[in-house]
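The block underneath contains the structure these notes are about, expressed in structure tokens.
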Amino acid sequence: MKKRSKWKTVNLVLDRIFGFFFVTAVILGIAALGFGYIATRDTYPSLREKFVMTMDESRRFRFVSRIFLSQSEYDELLDKRFTKYEEVMDPSLIHIAAQEPQTNEEQTAAEASSGADSYGIVDEDGDGYILMPVSGRGYNGYMLIVLDPSRCFVANGGGGQTIDMIVEKYGAIGGINGGAFLDAGGAGTGGIPEGLTIIDGQLLEDAYYDEKAFAGFDAQGILHVGYFTYEDCVNMGIVGGVSFLPPLIINGIPQDTSWMVSGVNPRTAIGQRADGAVLMLAINGRQLSSMGATYADLVEIMMEFGAVNAMNLDGGSSTVMYLNGELVNTPSSESGYSRGLPNAILFR
């Protein structure tokens, strides 16, 4: 009798534990559905747009908005998502100083006398790149500044390799993820790039030929940002570039964020200062410490760091920054590490 009584007690405890978690899950589920319903009503248009775009930009939760919206309502919101920006980039606004090799004595003297540049940033160890934390309302991340743009290049992901594999393959110091890739049903491996993609001066055969939002470097290290065809890229002398959107800043002019409808998610962006320094930005997201950023947040950060031109790159679970053999940011992928990428923007 005592033995049976003991098992009954154990079963009772287990039943209560299971019941607690079950009831908690039901309550949380109902609360989530209630929030989703409220967030998608016309009563709060700004909340509605941000909620729908946040869900849509996540391949895992893309279905959520469709629970509460008709297809026509959903399509109407997506149609507002991107508007082509007609500003034509002026490369003459970028002035890249000639990089001359230094002797050990000159480098030591430069390090000893190093002070803040005109952007208020110091390269204390003289290695030519600077990593800085960034943060704002609801997000945190990192800005990697490469002072000499000739060190930057676009690397091929080789069928969907992770960032560490790509960095090792090219003997690079580090970098960030690059452009779009085919992701049907959210199951893409990063193996097939999408859009206008140029690596080592060659157009990848899987790229499209029509006009695309594009960010790419010419042979002088100038980052071209805008909407281009492959013919445009040839005329500009582009040696490496990728497609994504939207452009964030062109000719020092920030995009009109009133039409830049976006959610709050992990973000990656590339930019360039007037002195040629390349700005690589990775914002953490989908975490308690950092929910993520909007396009407007990226514009604000890039402007603060002196960007003359800047482009949003692939984000979400693709967002990754890698430096000196280590992940810098915290990716939101299921594995907690880099997912397979079609390409990356690296530096040596």
So, does [X] use its side chain to make a donor-acceptor pair with the main chain of [Y] at under 3.5 Å?
X	Y	value
N156	G158	yes
R339	S333	no
Q220	D218	no
Q272	G221	yes
D314	N177	no
T294	G263	no
E87	G226	no
N265	G316	no
N343	A155	no
Y295	L298	no

Determine the minimum heavy-atom distance between S332 and S317, stating which atoms define it.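 Smallest interatomic distance, heavy atoms only, reads OG-CA, 3.4 Å.
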With respect to S243, which candidate in L196, I198, L313 satisfies the side chain to side chain contact (heavy atoms under 4.5 Å, CB included) definition?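 So, applying the side chain to side chain contact (heavy atoms under 4.5 Å, CB included) to S243 and each of L196, I198, L313, only L196 qualifies.
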Flag this pair as yes if the NZ/CZ of R273 is under 6.0 angstrom from the six-membered ring centre of Y119 and inside a 45 degree cone about the axis; otherwise no.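 Geometry flag: set, cation within 6.0 Å and 45°.
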With distance as the sole criterion, is a donor-acceptor pair present between the side chains of N140 and N284 under 3.5 Å?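 A pair is found: one side chain offers a donor N or O, the other an acceptor, under 3.5 Å apart.
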How long is the gap from CG on D164 to CD1 on I166, to the nearest 0.5 Å?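 Here the rounded value is 8.5 Å.
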For M291, is the CE atom crowded, meaning more than 12 foreign heavy atoms sit under 6.0 Å from it?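 Atom CE in M291 is not crowded, with 12 or fewer foreign heavy atoms closer than 6.0 Å.
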Parallel, tilted or perpendicular for Y170 and F153, by the 30°/60° rule?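 Tilted, since the angle between the ring planes falls between 30° and 60°.
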State, yes or no, whether a side-chain contact exists between P266 and Y139 at a heavy-atom distance under 4.5 Å.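 Side-chain contact under 4.5 Å: no.
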